[in-house]
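Before any comments, here is the structure.
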Amino acid sequence: QVQLVESGGGLVQAGGSLRLSCVVSGNSFSTYTLAWHRQAPGKARELVASITTGGTPYYGNSVQGRYTISRDNAKRTVYLQMNSLKPEDTAVYYCYAGSHVGYWGQGTRVTVSS
């Protein structure tokens, strides 16, 4: 089965930066659309950023200009560089990989203090 393992979350002050990583198992990484979603308690999960198999990124409005998604097919890893963090960015961040079927990681918690 395909497994996704996120890392890099933690506590950071407003205005700071974090880089999340997600390593994807298996031999189909290069065929996957990859994405980061986030969910705060009591709120719906929302798309933060996605990246196509060709490396084209897309961003949600709330993170536009502050986050950068990238992929390294050789390392089977997708990254989320998070800059200028705000308390509103506090959430559990989930990695997604999929083609006609999708897979989710267990999440990594990001807490931004004011």
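Atoms considered below: every heavy atom in the structure, side chains included; atoms not considered: hydrogens, waters and symmetry mates.
Contact detail for A91 and A40: the closest heavy-atom pair is CB-N, 4.0 Å. The two residues M82 and V110 come nearest to each other via the heavy atoms CE-CG1, 4.1 Å. Closest approach of Y32 and S99 over heavy atoms only: CD2-N, 4.1 Å. The two atoms that bring A49 and L80 nearest to each other are CB-CD1, 4.2 Å, heavy atoms only. Closest heavy-atom contact between I51 and S70: CD1-CA, 3.9 Å. The minimum heavy-atom distance linking L11 with S113 is given by the pair CD1-CB, 4.3 Å.
Within the 4.5 Å cutoff, no side-chain heavy atoms of T68 are placed close to those of Y79.
Under a 3.5 Å cut-off, the side chain of S25 and the backbone N or O of Q3 do form a donor-acceptor pair. A distance-only check finds no donor-acceptor pair linking the side chain of T77 to the backbone of V23 [under 3.5 Å]. The backbone N or O of I69 lies less than 3.5 Å from a partner atom in the side chain of Y59, making a donor-acceptor pair.
The salt bridge (Lys or Arg N to Asp or Glu O under 4.0 Å) analysis of residues 37-48, with sequence neighbours excluded, yields the pairs R38-E46, R38-D89. Listed by first and then second residue, the salt bridge (Lys or Arg N to Asp or Glu O under 4.0 Å) pairs that reach into residues 21-35 come to none, sequence neighbours excluded. Among residue pairs with one or both ends in residues 5-23, those qualifying as side chain to side chain donor-acceptor pair (under 3.5 Å) are S17-N83; sequence neighbours excluded.
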(message) Go through it in stages, so that I can follow the logic: the residues are V78 and C95, the test is side chain to side chain contact (heavy atoms under 4.5 Å, CB included), and I'd like the CA-CA distance, side-chain angles, deciding distance and then a yes or no.
(response) CA-CA 8 Å; V78 58; C95 183; 3.5 Å; yes
(request) Could you please spell out the steps behind the side chain to side chain contact (heavy atoms under 4.5 Å, CB included) verdict for V101 and V2? (result) CA-CA 11 Å; V101 295; V2 175; over 6 Å; no
(message) Checking V48 against H37 for the side chain to side chain contact (heavy atoms under 4.5 Å, CB included) test, could you report, in this order, the C-alpha distance in whole Å, the side-chain angles of both residues, the deciding distance, and whether it holds?
(response) CA-CA 5 Å; V48 174; H37 297 244; 5.5 Å; no
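Residues meeting the ring-ring contact (aromatic ring centres under 6.0 Å, His included) test with Y96, sequence neighbours left out: W104. Listed by chain and residue number, nothing satisfies the side-chain hydrogen bond (donor to acceptor under 3.5 Å, both in side chains) test with R109 (two or more places apart in sequence, or in another chain). Residues forming a side-chain hydrogen bond (donor to acceptor under 3.5 Å, both in side chains) with Q106 (at least two apart in sequence, or on another chain): none.
For the atom pair NE2 of H100 and OG1 of T33, the computed distance is 13.0 Å after rounding to the nearest 0.5 Å. Note that the OH atom of Y94 and the OG1 atom of T108 stand 10.0 Å from one another [nearest 0.5 Å]. In this structure, CG in L34 is found 8.0 Å from CG in N73, a value given to the nearest 0.5 Å.
A cation-pi arrangement is present between R71 and F29, with the terminal nitrogen or guanidinium carbon under 6.0 Å from the aromatic centre and inside a 45° cone about the axis.
Hydrophobic clustering, with ILVMFWY side chains joined whenever heavy atoms are under 4.5 angstrom apart, keeps L47 apart from V24. A continuous path of Ile, Leu, Val, Met, Phe, Trp and Tyr side chains, each step under 4.5 Å between heavy atoms, connects V12 with Y93, placing both in one hydrophobic cluster.
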